[in-house]
Amino acid sequence: MTTGKNSPNIDRGAGGEADRLSNHGLREARADLEAAERRIAGEIDPGARAMFVAVAVLVLLGSLSLPHAGTANGWEVLSFASDATAESIALPSRIFTWLVLVFGAVASILALVTRKWFLAWVAAAGSAVSIIFGLLTVWSRQTLPVDSDASGPGIGLFLGWLAVMVLTFHWVRVVWSRTSAQLEAEAELRRVAEEDDRRGMFGGHLK
């Protein structure tokens, strides 16, 4: 008889313990999913675009060895060499060359190696600015004074400008796209959060 009277209390105690364990497990799962979401949010998955970015970087670096104006190549523009001085290289040309080297090449390589979202964003933004200065550079080389002996834009300038356009396109797509892993983590986090909230609302008695 005593056992029969105490059995409901035992059942309620066991049920309460199970609810506490279940709620604790949900909280742990929610914390793990939040940590996973933060980790995934800081990473990129360029997929097949990584190949296009890598090729564009190689083309960009190669363009620095080709003439940007007359006989002056991109490296000579960067180093203020005599050939660049003779071609009356203007400030937009120097800014464009530095931008494509720092953002188009270095930042892109770092973003591909580390897969960091921030570096990909930096590469995208810097490459986009490079397009504007590329336009200014081409315009400045095509509007030289009539009495100037300097040459117009060279093949290296046009090739570098095209390469940075390709880089900008692909990096923008990578930055604004969400990986499937991030979407799955967000969906699972919402499901666990809703279940945890329902359990809290009903005092842990929701089955």
Side-chain angles (χ1 to χ4, degrees), residues 34-81 83-85 87 89-142 153-186:
E34 288 175 347
E37 185 183 15
R38 287 192 298 270
R39 184 177 64 255
I40 294 172
E43 298 177 352
I44 59 170
D45 182 14
R49 293 186 187 279
M51 180 185 67
F52 292 100
V53 170
V55 171
V57 170
L58 290 176
V59 172
L60 185 61
L61 291 174
S63 72
L64 295 176
S65 299
L66 296 175
H68 276 220
T71 58
N73 60 36
W75 301 113
E76 290 173 328
V77 172
L78 289 173
S79 61
F80 293 84
D83 286 344
T85 303
E87 292 295 339
I89 298 297
L91 183 61
S93 298
R94 300 190 188 280
I95 294 177
F96 169 73
T97 311
W98 275 109
L99 286 174
V100 298
L101 177 63
V102 173
F103 295 102
V106 177
S108 293
I109 292 172
L110 291 176
L112 283 179
V113 172
T114 63
R115 301 297 177 96
K116 295 298 183 182
W117 182 89
F118 174 74
L119 288 174
W121 185 90
V122 169
S127 297
V129 175
S130 300
I131 295 176
I132 299 173
F133 276 94
L135 176 62
L136 292 175
T137 300
V138 172
W139 175 80
S140 66
R141 300 308 304 177
Q142 291 179 334
I155 184 63
L157 177 58
F158 285 111
L159 192 59
W161 192 23
L162 177 62
V164 84
M165 289 181 187
V166 174
L167 285 171
T168 301
F169 171 77
H170 286 291
W171 277 133
V172 168
R173 295 295 299 270
V174 169
V175 166
W176 289 107
S177 65
R178 291 177 136 186
T179 64
S180 58
Q182 184 178 0
L183 292 175
E184 291 174 2
E186 289 178 350

[X] and [Y]: which non-hydrogen atoms are nearest, and at how many Å?
X	Y	value
Leu99	Ser130	CB-OG, 3.2 Å
Ala120	Ile44	CB-CD1, 3.8 Å
Arg141	Glu87	NH2-O, 2.9 Å
Val77	Ser93	CG1-O, 4.1 Å

[X] [atom1] to [Y] [atom2] distance, which is reported to the nearest 0.5 Å:
X	Y	atom1	atom2	value
Leu162	Leu167	CG	CG	10.0 Å
Thr97	Ile89	OG1	CD1	7.5 Å
Leu112	Leu119	CG	CG	10.5 Å

Side chain proximity check, [X] to [Y], heavy atoms < 4.5 angstrom:
X	Y	answer
Val100	Phe96	yes
Thr114	Glu43	no
Phe169	Met165	no

Exercise. Do the side chain of Thr137 and the main chain of Pro92 share a donor and acceptor less than 3.5 angstrom apart?
Worked result: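 A pair under 3.5 Å: yes.
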Exercise. Where the side chain of Arg115 meets the backbone of Asp45, is there a donor-acceptor pair that is under 3.5 Å apart?
Worked result: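 No: the side chain of Arg115 does not pair with the backbone of Asp45.
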For this session: Give me the ring orientation class for Phe158 and Trp161: parallel if the planes are under 30° apart, tilted from 30 to 60°, perpendicular past 60°.
Result: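 Phe158 vs Trp161 ring planes: tilted.
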Side-chain donor-acceptor pairs under 3.5 Å in residues 103-110, sequence neighbours left out?
residue: Ser108; atom: OG; partner: Phe103; partner atom: O; Å: 3.4
residue: Ser108; atom: OG; partner: Gly104; partner atom: O; Å: 2.8
residue: Ser108; atom: OG; partner: Trp171; partner atom: NE1; Å: 2.9

Using distance only, find each side-chain donor-acceptor pair of residues 55-74 under 3.5 Å and give its atom names and separation, not counting sequence neighbours.
residue: Ser63; atom: OG; partner: Leu60; partner atom: O; Å: 2.6
residue: Ser65; atom: OG; partner: Trp75; partner atom: NE1; Å: 3.2
residue: His68; atom: NE2; partner: Ser63; partner atom: O; Å: 3.3
residue: Asn73; atom: OD1; partner: Trp75; partner atom: N; Å: 3.1
residue: Asn73; atom: OD1; partner: Glu76; partner atom: N; Å: 2.8

